[in-house]
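Reading through the structure tokens given below for one structure.
For ligands, and for the atoms within them, numbers begin at 1 and follow the listed sequence. What you see is a predicted model; the values in this text were computed from it and never measured.
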Amino acid sequence: MAEMRTPIESGVPDNRPFLHPALLKNYGSWRYHDRPRPGVLHHVAHSGDEVWSVRAGTQRQMDVYTIRKLCDIADQYAEGHVRFTIRSNIEFMVSDPAKVEPLVDVLTKNGFPVGGTGNSVSMIAHTQGWLHCDIPGTDASGAVKALMDELHSEFIREDMPNRVHLSTSCCEINCGGQADIAIIVQHTKPPKINHDLVANVCERPAVVARCPVAAIRPALVNGKPSLEVDEKKCICCGACYPPCPPMQINDPEHSKLAIWVGGKNSNARGKPTFMKMVASGLPNNPPRWTEVSEIVKKILYTYKEDARSWERVSDWVERIGWPRFFEKCDLPFTKYLIDDWRGSRANLNASTHIRF
Ligand code: SF4
Ligand code: SF4
């Protein structure tokens, strides 16, 4: 009889070999947790064991020297174990309260701010930007760095009405997800086609199939197989660019940035919500993206002042209504915020301009 073949498992690896021993021993058996100070979580197990997790912000995309530095800090000041949160913060676990303050000090001294817990502005969840991805219309990490420099004080404190999650997405078909406040690329012109390259680089049926509004057709240009775009139909989404880079849609002037608010992924206290666009056509202006930062800060601090305790941004807007949101944040409500795409009927209830 043939020998049984061992199945090849793929997916999430078993994390248990890498857990801090106290976390492994008390897995799923915690009595309570609290936060002795911003950036520090304290877990108490039924067995009586206690663990302090010190959370610090990182730049997410790290060079090897930074990673070595964080590992050295983990070996010398913590107990050799770290983990990363989904917002790219790093957490160091210790089982002795006397180790917490020296760990906080060494992290702060090395430029890793301790915070991001509770009702703070946590690290911005961001995608990869120019460093890794092949389709970005802007940088994600650069915009995050510029914005977090200005929001540093909100990361290390916990005095927002509720937690605030920000995100950036460096293309329009982004992987950024939903956030309380999101910065997203917005293309404003249809792609310009580099016809000389299409036949060599693109699989034309794949590009035609990719367009959500059927605006792309095969065409012969200068005797060569190429593509054409019906610009009246095109919604400038950028989806044709990844499978076919000659569909050039990124443009230093016409690729802009938009701000969306009110998204939430979790089920905590209320159902998840989709975010809605509240500012559009902002210049894509590295290295500090000042126009974007100004609007994000305006929305954030209006929310901070006006929201009730425990309201997320979406709850706050729901309570005051979109017209008041635009008034309070000094944002103009323009035609660009109205979803007038002919297929938008299903979205109307999710946009800022109509509420049933
Ligand atoms: S948001 Fe878009 S460009 Fe940025 S990493 Fe994700 S897929 Fe790539
Ligand atoms: S940008 Fe989007 S809508 Fe326009 S042609 Fe490309 S895939 Fe179609």
Side-chain angles (χ1 to χ4, degrees), residues 59-62 86-88 123-147 165-179 181-195 197-198 201-219 221 225-260 263 265 274-275 277 280-282 284 286 289 292 336 339-344 347:
Q59 62 268 53
R60 182 171 190 248
Q61 288 166 330
M62 286 182 275
I86 53 167
R87 307 195 85 74
S88 307
M123 252 301 282
I124 304 180
H126 72 91
T127 51
Q128 316 191 35
W130 292 326
L131 198 57
H132 282 298
C133 190
D134 56 348
I135 58 169
T138 187
D139 192 17
S141 359
V144 167
K145 161 76 177 140
L147 195 52
H165 287 168
L166 310 184
S167 77
T168 58
S169 302
C170 34
C171 74
E172 199 158 320
I173 50 168
N174 62 76
C175 48
Q178 300 296 313
I181 307 176
I183 303 162
I184 302 181
V185 160
Q186 177 189 38
H187 300 299
T188 58
K189 301 266 187 226
K192 277 191 217 149
I193 308 175
N194 184 337
H195 294 290
L197 292 179
V198 171
V201 175
C202 307
E203 216 176 296
R204 293 188 304 155
V207 191
V208 171
R210 186 81 176 243
C211 179
V213 290
I216 308 175
R217 289 187 290 255
V221 180
S226 186
L227 299 161
E228 64 183 8
V229 170
D230 180 344
E231 297 197 353
K232 284 209 202 78
K233 279 189 182 172
C234 174
I235 54 170
C236 309
C237 67
C240 50
Y241 179 66
C244 182
M247 306 285 282
Q248 289 161 0
I249 193 157
N250 283 341
D251 181 285
E253 192 188 336
H254 299 298
S255 290
K256 307 278 192 183
L257 289 162
I259 310 241
W260 296 60
N265 292 317
F274 283 125
M275 51 202 187
M277 185 160 70
S280 67
L282 306 173
N284 184 8
W289 287 272
V292 170
Y336 300 108
D339 188 352
D340 63 353
W341 175 47
R342 67 194 175 130
S344 72
N347 309 345

Does the side chain of [Y] come within less than 4.5 Å of [X]'s, by heavy atoms?
| X | Y | answer |
| --- | --- | --- |
| H187 | C237 | no |
| Q61 | H132 | yes |
| P191 | Q248 | no |
| L257 | I184 | no |
| I183 | T138 | no |

What atoms of ligand 2 come within less than 4.0 Å of a heavy atom belonging to [X]?
| X | value |
| --- | --- |
| V213 | 3 (S) |
| I235 | 3 (S) |
| I216 | 5 (S) |
| C234 | 1 (S), 3 (S), 4 (Fe), 5 (S) |

Protein heavy-atom partner closest to [atom] - residue, atom, separation in Å:
| atom | answer |
| --- | --- |
| atom 6 (Fe) of ligand 1 | C175 SG, 2.2 Å |
| atom 2 (Fe) of ligand 2 | C237 SG, 2.3 Å |
| atom 8 (Fe) of ligand 1 | C133 SG, 2.3 Å |
| atom 1 (S) of ligand 2 | G238 N, 3.3 Å |
| atom 7 (S) of ligand 2 | C240 N, 3.5 Å |
| atom 4 (Fe) of ligand 1 | C170 SG, 2.2 Å |

- Message: My understanding is that we take every heavy atom of each candidate and find the minimum distance to atom 5 (S) of ligand 1. Doing that for E172, H126, Q128, H132, which one comes out nearest?
- Response: Q128

- Query: Can you tell me how far the CD1 atom of I181 sits from the NE2 atom of H165, to the nearest 0.5 Å?
  - Reply: 12.0 Å

Distance under 4.0 Å to a non-hydrogen atom of [X]: what atoms of ligand 1 satisfy this?
| X | answer |
| --- | --- |
| P136 | 3 (S) |
| I135 | 3 (S), 7 (S), 8 (Fe) |
| T127 | 1 (S), 4 (Fe), 5 (S), 6 (Fe) |

- Task: Report yes or no: do H195 and S226 form a side-chain donor-acceptor pair below 3.5 Å?
- Result: yes

- Message: With no hydrogens and no angle check, just 3.5 Å: does a side-chain donor-acceptor pair link W289 and D139?
- Response: no

- Query: Quick check: does C171 put an N/O/S atom under 2.8 Å from atom 2 (Fe) of ligand 1?
  - Reply: yes

- Query: For N284 and S255, what are the C-alpha separation, side-chain angles and deciding distance, and is it a side chain to side chain donor-acceptor pair (under 3.5 Å)?
  - Reply: CA-CA 7 Å; N284 184 8; S255 290; over 6 Å; no

- Test item, P190 contacting ligand 2 (heavy atom, 4.0 angstrom): no

- Task: Answer yes or no as to whether an N/O/S atom of C236 is found below 2.8 Å from atom 4 (Fe) of ligand 2.
- Result: no

- Item | Option passing side-chain contact (heavy atoms from CB on, under 4.5 Å) with P246 (candidates V207, L197, L227) | L197

- Find out if the SG atoms belonging to C170 and C133 lie under 2.5 Å from one another. no

